[in-house]
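All values derive from a computational prediction rather than experimental measurement. Sequential numbering from 1 along the given sequence is applied to the chain's residues. What you see below is based on every heavy atom in this structure, not just the backbone, and it leaves out hydrogens, waters and symmetry mates.
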Amino acid sequence: MTKPSLPELLHAAVAAIGGTERPGQVTMAESVAEAIGDGSHLLVQAGTGTGKSLGYLVPALAQGERVVVATATLALQRQLVERDLPRTVGALQPLLRRRPEFATLKGRSNYLCLHRLHEGVPREEEDGLFDVFESATPTSKLGKDLLRMRDWADETETGDRDALTPGVSDRAWSQVSVSSRECLGASRCAYGAECFAEAARERAKLAEVVVTNHALLAIDAIEGAPVLPGHEVLIVDEAHELVSRVTGVATGELSPGGVNRAVRRASKLVDEKVADGLQTAAETFERLMELALPGRLEEIPEELNYALAALRDASRAVLTALGNTRDKSVQDEDAVRKQALAAIESVHQVAERVVEGSEYDVVWHERHDRFGASLRVAPLSVSGLLREKLFADRSVVLTSATLKLGGDFNGVGASLGLSPEGSAGGESGDESPRWKGLDVGSPFDYPRQGILYVARHLSPPGREAGRTDIMDELAELVEAAGGRTLGLFSSMRAAQTAAEALRERLDVPILLQGEETLGELIRAFAADARTCLFGTLSLWQGVDVPGSACQLVVMDRIPFPRPDDPLMSARQKAVEEGGGNGFMAVAATHAALLMAQGSGRLIRASGDRGVVAVLDSRLDKARYGSFLRASMPDFWYTTDRNQVRRSLAAIDATARAAAEVPAVPDTPAVPAAADAPEAVESPEATEAADSTAEEAQEAAGDREAAEA
């Protein structure tokens, strides 16, 4: 029987999804199939609207290999498991003559724990076990959530937190879930045979495609003990987030509150002398942390080092004692013991890691207004770890809408431990994993659909918030756009200041991140075209609002990391000590990634029109500006403030007219290219777009000479 071709399979899958086959999607699918076939690695930049999920799912399913797909966001996991995979598998089954099975696998704490649900939560205080279901008032929010989860436990097939609708707070979920360290183990748990987490692991072992998240992928790589089933192909979607997620998993933290909780959990289970030793060490650590100032500790102060050594030794003694004693007077002693062990192990590991020290770790104090000071330790780089663990013994495909920064893939590649594309040898001169980068473009015509405007006339931003000239510029832009604005700010303080100022000046609704849940804010923003939404980091990457509700995206400044960010500044210093350009390798690359993501919020569909406005003149004037602009979609570029206001007014007028006049049947509701605002359509725009493309090609040469 003739084996179906990849184009046949892709065509069937696209038809099942109800989508449109794109040239970029076809190119991507062919390249993924080639990488899987020869065991090499591929970085694919696929712009919004390309249909990249089918671009990797179809060739992966066609090969018949075991595949793990790791994503960063819950939204994409749901799309894959609830929409793309069921329809794709159904469409391909007649052609492949088999039905590939798929499953979702997450960390244990994402699944409801039946032991916790029925037996309660081990209590930290005096009396053993705390029945939260009896103690929580049924009329309180917590009480209602807990009762609802108890009913849900009898209905759910997966026990997956994400399947619980509406969701519950972290506090409520923590009452019915456990971490992997706290789990009793299926063989020792009375509910092991019914365990949702164990059932998910079993389904994953039998599935051809396993969908997971970046965090579990990082744990699988870092901890050595495999948590993912064996597989021949790894696909990392939203790959621009991977380094950040792996760094987060590899970061340890010690806080007085966490240490004291560990002491309380263990004190009932060990003899008084051992417990007192840990209590004394915890008190010494807490006194030091009360005086701690935020910032990096390039050398651990002697007093802190002594306190951490005492904490390490005392926690080790408790761990030994916990393993040797049993206290039958403690109700549900096994569950209490596992929770105590998990807490003490965490304290011991972080204290030991800081005391032993490593040139590859960064240690710093952090202070939170609500929770006080904490001590944190993170790897200086995860590139070596990723190079060793990620690319061994399997083909890896990494994809995102933003992997090509400054005109090439080398910046992202370096963060993953890969040598420059086409070069030989890794960081230590040994053979580097074979890889190539592929940009399949976007179905959108960015130079005709969007404008990148830089407010060149403004002086560079300083530390002051609410500068009058910047607020004037912002107000004029929002007014010209008729609202329809997503404001992306470099800090929450800047977003709050701007929201307060524009609420006084303009008669348009201004939503502010933090005043409502993010999901509700985005729904309200999409529902009313006049509404504006202002916020910070999660909005730079987490908003998908096609249509006329978002026709102006404003960035208040280039989002460089804070100069006092301990980890970023340490990474920058390390590059400089190695003879590289630390600013470009770390700060500019960080900013480029965010600006690429932020500007990607504007054009989400083929009919979208709009402006990305950057109120930071350095994007036009500074040498590194060309590197940052080359990382963004190739919008028509201008610094003409009058032109951009006319364009915004025209875009607003077109959107208003479209909203008032119903579309004629069989007539496209989206304005044709000839109806687009003049600024995006003019010959000058085409010439400017060509010029911007040339700048993008030259950007790589500018980087070495770039000035901070």
Side-chain angles (χ1 to χ4, degrees), residues 47-49 442 444-455 473-489 498-499 502 506-511 521-535 539-540 542-556 595 597-615 632-638 640-661 663 668-682 685:
T48 304
S442 167
F444 304 143
D445 188 353
Y446 285 121
R448 296 174 72 87
Q449 289 184 248
I451 299 172
L452 172 60
Y453 163 65
V454 178
E473 182 79 14
L474 178 59
E476 290 174 14
L477 290 168
V478 173
E479 188 171 29
R484 311 178 190 278
T485 301
L486 177 65
L488 305 178
F489 293 85
L502 265 64
L506 302 178
D507 186 25
V508 295
I510 307 287
L511 305 175
L521 288 172
I522 293 173
R523 280 191 291 272
F525 176 55
D528 180 6
R530 296 181 64 251
T531 298
C532 303
L533 173 58
F534 290 0
L539 296 187
W540 287 75
V543 177
D544 183 8
V545 180
S548 62
C550 181
Q551 294 189 313
L552 172 62
V553 174
V554 179
M555 304 180 193
D556 69 327
M595 296 192 81
Q597 285 285 309
S599 56
R601 302 309 97 201
L602 181 68
I603 305 299
R604 309 299 295 177
S606 59
D608 287 353
R609 302 286 188 272
V611 173
V612 172
V614 181
L615 310 184
M632 302 165 73
D634 59 337
F635 299 126
W636 179 57
Y637 180 63
T638 185
D640 186 335
R641 59 191 303 199
N642 295 321
Q643 176 66 72
V644 84
R645 282 159 179 71
R646 288 195 298 271
S647 295
L648 281 170
I651 293 169
D652 178 42
T654 301
R656 287 173 184 268
E660 292 172 3
V661 181
V670 176
D675 298 324
E678 180 182 348
V680 186
E681 282 292 291
S682 65

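Scored by the side chain to side chain contact (heavy atoms under 4.5 Å, CB included) test, Leu602 finds Val553, Val612, Phe635 as partners (sequence neighbours excluded). In this structure, the side chain to side chain contact (heavy atoms under 4.5 Å, CB included) partners of Arg523, at least two apart in sequence or on a different chain, are Glu520. Residues satisfying the salt bridge (charged side-chain N to carboxylate O under 4.0 Å, His left out) test with Asp652, not counting sequence neighbours, are Arg484, Arg656.
With rounding to the nearest 0.5 Å, the separation of CD in Glu473 from CG in Asp556 is 13.0 Å. One distance of note links CD of Glu479 with OG1 of Thr485; it measures 11.0 Å at 0.5 Å rounding. Between the CG atom of Leu552 and the CD1 atom of Ile651 there is a distance of 9.0 Å, given to the nearest 0.5 Å. Rounded to the nearest 0.5 Å, atoms CD (Gln449) and CG (Asp608) are 7.0 Å apart. We find the OH-OG distance between Tyr446 and Ser599 to be 8.0 Å, quoted to the nearest 0.5 Å.
Side-chain contact between Arg645 and Leu477 is present, with at least one heavy-atom pair separated by less than 4.5 Å. Side-chain contact between Cys532 and Val478: present, with at least one pair of heavy atoms (C-beta onward) separated by less than 4.5 Å. The side-chain heavy atoms of Pro509 and Asp528, taken from C-beta on, include a pair separated by under 4.5 Å. Using a 4.5 Å cut-off on side-chain heavy atoms (C-beta onward), Leu533 and Thr531 make no contact. In this structure the side chain of Leu474 reaches within 4.5 angstrom of the side chain of Leu502, judged on heavy atoms. With a 4.5 Å cut-off on side-chain heavy atoms, Phe534 and Leu539 do not count as touching.
Taking each heavy atom of Val508 and Arg530 in turn, the nearest pair found is CB-O, 3.6 Å. Val545 and Ala526 get closest at one heavy-atom pair: CG1-CB, 3.7 Å. When every heavy atom of Gly47 is checked against every heavy atom of Ser442, the shortest pair comes out as CA-CB, 4.2 Å.
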Legend entry - Derivation of the side chain to side chain contact (heavy atoms under 4.5 Å, CB included) call for Tyr453 and Gln643: CA-CA 10 Å; Tyr453 163 65; Gln643 176 66 72; over 6 Å; no
Legend entry - Derivation of the side chain to side chain contact (heavy atoms under 4.5 Å, CB included) call for Met632 and Leu452: CA-CA 9 Å; Met632 302 165 73; Leu452 172 60; 3.8 Å; yes
Inset, instruction - For side chain to side chain contact (heavy atoms under 4.5 Å, CB included), just list the numbers for Thr48 and Arg604, CA-CA rounded to whole Å, side-chain angles, deciding distance to a tenth of an Å, and then say yes or no. - result: CA-CA 7 Å; Thr48 304; Arg604 309 299 295 177; 3.3 Å; yes
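Asp507 CG: 12 or fewer foreign heavy atoms inside a 6.0 Å radius.
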